[in-house]
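Report on the following structure.
Fair warning: this is a prediction, and the values are worked out from it, not measured in the lab.
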Amino acid sequence: MRCDIFTPYIYMKILKNIFLGIKNILFPDECVICYENLTDLNEIRTGMCLRCLLSIKYEKENRCYICGKPLISENEICLQCRTNENRIYERIWMIFPYTGKYRNLLAGYKFKKNLMIINIFLLIIKEVIENEVVLKDAVIVPVPPRPGKIKNTGWDQIEYLVRQIEKQSNIKVNRCLKRIKSKTQKQLNRNERKKNLEGRILINGKAPETALVIDDVITTGSTMEVCALALKKAGTKKVYGLCLFYD
């Protein structure tokens with residue numbers, strides 16, 4: 001009986017998300033970063049004014065070779081990675097800091113569903129994969145969404161990104177990870193986050209020999225570690241990671 005009551009509400013929510021998605025693709029009315037009105041057709045196509053679009057850069061220099069975070073005074077590898085003997089993954093690439101204009105960039109994609117922003121992400125992901133020898137034979141493995149997320153929000157931003165990668169390149173994708181129900185990670189610290197996910201990200205299919213795990217935001221790195229552990233247990237020899245934003 002309860003399902004019958006809530007079914008119309010769920011359908012309306014899905015239709016609303018679809019409508020908003022189409023609207024944001026065809027008629028974005030303001031820049032997702034500075035919120036100025038968009039008038040030029042090229043600006044409307046990207047969801048950003050030209051000034052903000054030109055300011056988006058992937059700063060590759062002075063990054064830790066292992067975790068991908070900016071180096072302060074270290075050389076090649078940060079102190080935390082030098083002393084971490086329990087690291088499961090081989091290396092992570094982190095693209096944008098989750099601050100300032102880049103925070104608005106993620107919000108425009110993830111929450112406002114401005115799907116044109118994804119073209120920036122695709123260009124950088126392709127660049128990383130093409131320029132890194134260790135990723136020559138890597139298979140993309142997306143971080144799985146929380147159970148019920150797609151039903152509640154209408155979409156999963158990582159899955160959409162991965163689908164576009166499949167459509168626009170020859171890069172292989174393997175959705176071999178699944179996630180069972182757990183607490184939300186937002187209010188938990190590093191140790192709590194890792195413990196919360198332990199045993200809740202599982203293998204669903206054959207794991208690739210070399211994996212590139214993709215996520216949108218990395219805060220403590222616990223999700224990446226648990227995904228890497230599940231893959232290694234399933235036979236993956238090398239696990240790399242790529243996150244669009246780092247906190």
Side-chain angles (χ1 to χ4, degrees), residues 32-34 48 51-110 117 120-136 138 140-143 157-158 161 185-198 201 210-232 236-247:
V32 297
I33 293 178
C34 69
M48 282 181 282
R51 183 182 66 233
C52 289
L53 179 61
L54 293 176
S55 73
I56 299 298
K57 296 178 181 179
Y58 170 32
E59 303 290 348
K60 295 175 284 188
E61 304 299 325
N62 297 320
R63 297 291 191 100
C64 174
Y65 180 81
I66 303 297
C67 71
K69 289 186 176 181
L71 294 171
I72 299 175
S73 60
E74 304 95 335
N75 184 25
E76 292 188 3
I77 300 176
C78 69
L79 179 61
Q80 183 176 356
C81 288
R82 288 178 189 273
T83 57
N84 184 7
E85 299 179 353
N86 299 317
R87 176 171 43 86
I88 303 170
Y89 54 81
E90 273 62 41
R91 184 178 176 188
I92 297 180
W93 286 265
M94 299 187 187
I95 310 303
F96 302 124
Y98 188 45
T99 57
K101 62 186 176 185
Y102 295 110
R103 194 181 187 98
N104 292 344
L105 183 66
L106 177 60
Y109 173 62
K110 186 174 181 177
I117 297 172
I120 296 173
F121 303 152
L122 292 175
L123 284 173
I124 294 174
I125 291 172
K126 290 178 183 178
E127 178 186 344
V128 170
I129 294 175
E130 290 173 359
N131 292 339
E132 298 294 341
V133 177
V134 294
L135 298 179
K136 180 181 178 182
I140 287 179
V141 177
V143 169
Q157 70 277 6
I158 301 301
L161 173 64
Q185 297 278 85
K186 291 182 179 180
Q187 304 302 322
L188 305 178
N189 61 36
R190 177 181 172 80
N191 291 333
E192 291 172 337
R193 288 184 179 213
K194 190 172 182 180
K195 186 176 181 180
N196 181 48
L197 287 179
E198 284 180 352
I201 292 184
T210 303
L212 176 63
V213 179
I214 288 188
D215 202 357
D216 57 348
V217 181
I218 187 168
T219 302
T220 65
S222 56
T223 300
M224 186 65 67
E225 289 179 5
V226 175
C227 288
L229 180 60
L231 287 165
K232 288 285 183 76
T236 299
K237 294 181 180 179
K238 294 184 180 297
V239 178
Y240 299 93
L242 188 151
C243 287
L244 298 176
F245 299 85
Y246 61 90
D247 197 356

Exercise for the section: Spell out, as yes or no, whether a donor-acceptor pair under 3.5 Å connects the side chain of N131 to the backbone of E127. Expected result: yes
Completion exercise
side-chain hydrogen bond (donor to acceptor under 3.5 Å, both in side chains) filter on E74, not counting sequence neighbours, yields none
Exercise for the section: Determine the minimum heavy-atom distance between N75 and L71, stating which atoms define it. Expected result: C-CD1, 4.3 Å
Practice task
Using a 4.5 Å cut-off on heavy atoms from C-beta on, say whether the side chain of E132 contacts that of W93.
Solution key: yes
Practice task
Look up atom CD1 in I218 and atom CG in L244, then write down how far apart they are to the nearest 0.5 Å.
Solution key: 11.5 Å
Handout entry: M224 versus Y89, closest heavy-atom pair with distance
Key = CG-CD2, 4.2 Å
Exercise for the section: Considering non-hydrogen atoms only, spot the tightest contact between L105 and I117 and give its length. Expected result: CD1-CG2, 3.4 Å
Problem - Donor-acceptor pair, side chain of N104 and main chain of I33, under 3.5 angstrom - result: yes
Problem - Heavy-atom side-chain contact between V134 and K238 under 4.5 Å - result: no
Handout entry: 4.5 Å side-chain heavy-atom contact, I88 and V239
Key = no
Exercise for the section: Mind checking side-chain hydrogen bond (donor to acceptor under 3.5 Å, both in side chains) for E90 and listing every partner two or more places apart, or none if nothing turns up? Expected result: K232
Problem - Side-chain heavy-atom pair V213, V143 within 4.5 angstrom cut-off - result: yes
Exercise for the section: Could you pull out the closest heavy-atom pair between S55 and C52, with the gap in Å? Expected result: OG-O, 2.7 Å
Extract all donor-acceptor atom pairs below 3.5 Å that involve side chains of residues 63-70 and protein atoms in other chains or at least two apart in sequence.
unit_1	atom_1	unit_2	atom_2	d
R63	NE	E59	O	3.0
R63	NH1	G68	O	2.8
R63	NH1	M94	O	2.6
R63	NH2	E59	O	3.1
R63	NH2	I95	O	3.1
Y65	OH	R91	NH1	3.4

Handout entry: L54 CG: over 12 foreign heavy atoms closer than 6.0 Å
Key = yes
Handout entry: Approximate separation, where rounding is to 0.5 Å, of T236 OG1 and L229 CG
Key = 11.0 Å
Handout entry: I125 side chain reached by L161 side chain, heavy atoms, under 4.5 Å
Key = yes
Handout entry: Under 3.5 Å donor-acceptor, Y102 side chain and F245 backbone
Key = no
Handout entry: F96 vs I56 side-chain heavy atoms within contact, under 4.5 Å
Key = yes
Exercise for the section: Decide yes or no for Y246 and I92: does some side-chain heavy atom of the first lie under 4.5 Å from some side-chain heavy atom of the second? Expected result: no
Handout entry: Heavy atoms of other groups near K126 NZ, more than 12 under 6.0 Å
Key = yes
Practice task
Let me see the working for Y109 and D216 under side chain to side chain contact (heavy atoms under 4.5 Å, CB included), right down to the final yes or no.
Solution key: CA-CA 10 Å; Y109 173 62; D216 57 348; over 6 Å; no
Handout entry: Validation row: L242, L135 side chains within 4.5 angstrom (heavy atoms)
Key = no
Exercise for the section: Could you pull out the closest heavy-atom pair between A230 and I201, with the gap in Å? Expected result: CB-O, 3.6 Å
Completion exercise
Value for SG (C243) from CD1 (I158), rounded to nearest 0.5 Å, stands at 8.0 Å
